[in-house]
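Just so it is clear: chains get the letters A, B, ... in the order the sequence lines come, proteins before strands, and each one is counted from 1. Every heavy atom of this structure was used, including side-chain atoms; hydrogens, water molecules and symmetry mates were not.
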2 protein chains.
Amino acid sequence: MEQEGFSDVGVGVRGFQALRRIVRALDVHSRKLYRECNITSPQLLCLHSLEKQRDQTLSRMAVELNLSVSTMNGIVDRLEARGLVLRSRSEKDHRKVHLTITAEGTLLLSSVPELMRDSYSRAFGSLSVGEQELLTGLLVKLADRFDPVQRSTGGSPEII
Amino acid sequence: MEQEGFSDVGVGVRGFQALRRIVRALDVHSRKLYRECNITSPQLLCLHSLEKQRDQTLSRMAVELNLSVSTMNGIVDRLEARGLVLRSRSEKDHRKVHLTITAEGTLLLSSVPELMRDSYSRAFGSLSVGEQELLTGLLVKLADRFDPVQRSTGGSPEII
DNA sequence: CAGAATTGTTTCGTGTACGAATATTTGTGT
DNA sequence: ACACAAATATTCGTACACGAAACAATTCTG
């Protein structure tokens with residue numbers, strides 16, 4: 001018990017470890033998705049967002065998916081290279097680049113088996129409703145402590 | 001409410017979003033640490049483990065830190081390149097490579113400001129004790145649902 | 001004892017993820 | 001009108017993270 005930084009060492013460390021395991025499990029799931037369906041979780045999230053709202057821009061998507069612009073750019077690069085997404089310079093504002101999902105993109109989205117969509121929802125869904133609500137509340141609270149400047153509760157509901 | 005996979009859509013999505021925010025905050029903290037102290041969180045975790053137990057091996061460390069062997073290898077590569085860690089082939093079993101922290105490694109560990117150690121413990125510590133225990137329990141439970149084959153509770157206590 | 005299976009490390013390729021720097025366009029203040 | 005700030009996308013370098021494959025050494029087995 002010589003670790004510092006936690007009021008109760010064991011609890012904090014166990015939680016941190018559990019967090020690492022969850023993150024890793026999500027990553028492993030994303031790789032499995034990539035092997036079997038040739039697309040990763042971040043790419044799927046991106047496509048999903050574009051399916052629901054056309055003419056997105058990089059910056060807006062980055063905010064929506066909680067990623068930096070450069071990360072978002074890389075993901076869109078790969079999607080564009082495969083013809084799943086189209087970039088088109090905006091006429092009104094030449095700084096902006098509109099992103100639209102292509103027919104192949106929509107096709108691919110529909111072809112991804114439901115069960116492969118995400119493992120979080122499956123694991124999360126296996127908890128009781130009370131546990132789900134409790135956990136979500138605590139996660140949001142913890143996230144707010146990390147990064148106070150965020151829309152955690154009052155966000156517009158059309159943003160996933 | 002056309003998303004599938006959640007019994008209550010909003011709760012699951014909010015939790016997932018919060019999880020993404022937490023993960024990102026941890027990453028951002030690691031980068032800040034890198035800028036200011038020239039070392040990242042994974043490297044710090046690795047050094048910390050080596051300080052507590054000398055003559056570790058790559059595989060054992062990977063299990064302990066919940067990383068794949070190849071990831072662990074990369075981290076050790078960077079630490080070794082900076083002279084913070086030493087690789088030495090085992091005499092008994094020539095397959096194994098012992099990892100030991102060097103004097104510079106220990107020095108660096110002690111020079112990292114306490115507050116920079118980790119942001120998780122700070123955010124986590126700002127929750128009430130009851131919340132901490134509740135959250136940890138739920139995280140462990142969720143992690144178990146992802147990846148049932150893990151030592152979440154019964155592990156030997158010398159492994160952090 | 002020879003070959004097979006196992007254990008352990010390293011290498012390789014790819015995707016994520018970030019910040020800093022750059023370029024281009026748009027907006028603003030004087 | 002012109003300089004300067006803000007917005008937007010892109011590029012670059014780096015670390016992390018994984019799986020597959022290559023490689024080396026040990027242990028098991030017929």
Side-chain angles (χ1 to χ4, degrees), chain A residues 20-46 55-63 65-82 84-85 87-99 147, chain B residues 20-46 55-63 65-82 84-85 87-99 147:
Chain A
R20 289 181 67 88
R21 282 173 58 201
I22 293 167
V23 170
R24 191 184 184 190
L26 290 173
D27 188 61
V28 167
H29 175 262
S30 176
R31 285 167 206 279
K32 186 182 176 191
L33 190 66
Y34 190 47
R35 281 196 306 277
E36 299 182 5
C37 307
N38 209 33
I39 195 166
T40 65
S41 290
Q43 291 172 12
L44 213 47
L45 284 173
C46 179
D55 287 338
Q56 281 272 31
T57 75
L58 214 54
S59 323
R60 286 198 47 191
M61 293 251 314
V63 171
L65 299 187
N66 230 302
L67 295 171
S68 82
V69 183
S70 56
T71 300
M72 202 66 248
N73 194 57
I75 292 171
V76 169
D77 273 352
R78 284 179 281 273
L79 290 174
E80 192 193 20
R82 291 187 50 199
L84 306 176
V85 152
R87 272 183 169 105
S88 56
R89 208 99 216 173
S90 165
E91 290 301 324
K92 297 178 179 178
D93 188 339
H94 277 245
R95 288 172 301 185
K96 294 184 181 176
V97 171
H98 287 158
L99 304 173
D147 179 10
Chain B
R20 289 182 66 86
R21 282 173 56 202
I22 293 168
V23 170
R24 192 184 183 188
L26 290 172
D27 189 60
V28 168
H29 173 263
S30 176
R31 283 168 208 279
K32 187 182 175 191
L33 189 66
Y34 190 47
R35 280 195 306 276
E36 298 181 7
C37 307
N38 209 32
I39 194 164
T40 65
S41 292
Q43 290 171 13
L44 214 47
L45 284 173
C46 179
D55 287 338
Q56 280 272 31
T57 75
L58 212 57
S59 324
R60 285 199 47 191
M61 294 251 314
V63 171
L65 300 186
N66 229 305
L67 294 172
S68 82
V69 183
S70 55
T71 300
M72 204 64 250
N73 193 57
I75 293 172
V76 169
D77 274 352
R78 286 178 281 273
L79 290 175
E80 191 192 22
R82 289 187 50 200
L84 306 176
V85 152
R87 273 185 170 105
S88 56
R89 210 97 215 176
S90 164
E91 291 300 325
K92 298 179 180 179
D93 188 338
H94 277 245
R95 289 172 302 185
K96 294 183 181 175
V97 172
H98 286 158
L99 304 172
D147 180 10

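- Note that CZ of B:Arg89 is 12.0 Å distant from NZ of B:Lys96, once rounded to the nearest 0.5 Å.
- A:Asp77 has a carboxylate O that lies under 4.0 Å from a charged side-chain N of A:Arg87, or vice versa, which qualifies the two as a salt bridge.
- Atom OG of A:Ser41 and atom NZ of A:Lys32 lie 12.0 Å apart (nearest 0.5 Å).
- In this model, the phosphate group of D:dA9 is not approached by any side-chain N or O of A:Asn73 to a distance below 4.0 Å at OP1 or OP2.
- In this structure, A:Lys32 atom NZ and D:dA20 atom C1' are separated by 17 Å, rounded to whole Å.
- Between the CG atom of A:Leu58 and the C1' atom of C:dC18 there is a distance of 14 Å, given to the nearest Å.
- The two residues B:Leu79 and B:Gln43 make their nearest non-hydrogen contact at CD2-CB, 3.8 Å.
- One atom, CG of A:Asp77, and another, P of C:dT16, lie 11 Å apart when rounded to the nearest Å.
- Atoms CG (B:Leu33) and C1' (C:dG19) sit 15 Å apart, rounded to a whole Å.
- Nearest heavy atoms, B:Leu65 versus A:Arg20: O-NH2, 3.1 Å.
- With rounding to whole Å, A:Met61 atom CE is found 11 Å from D:dA9 atom P.
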For nucleotides 23-26 of chain C, give me every protein contact, N/O to N/O, under 3.5 Å, one pair per line with atom names.
unit_1: C:dT26; atom_1: OP1; unit_2: A:His94; atom_2: N; d: 3.2

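- Within the structure, a side-chain polar atom (N or O) of B:Arg87 is placed less than 4.0 Å from OP1 or OP2 of C:dT10.
- Residues meeting the side chain to side chain donor-acceptor pair (under 3.5 Å) test with B:Thr57, sequence neighbours left out: none.
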- Note on the structure: In 5'-to-3' order, the base (B), backbone-only (S) or no-contact (-) status of each nucleotide in nucleotides 13-19 of chain D, using a 4.0 angstrom heavy-atom cut-off, is -SSSBBB
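- Summarising the geometry, atom CG belonging to A:Leu99 is positioned 7.0 Å from atom SG belonging to A:Cys46; distances are rounded to the nearest 0.5 Å.
- The closest side-chain heavy-atom distance from A:Ile75 to A:Leu45 is not below 4.5 Å.
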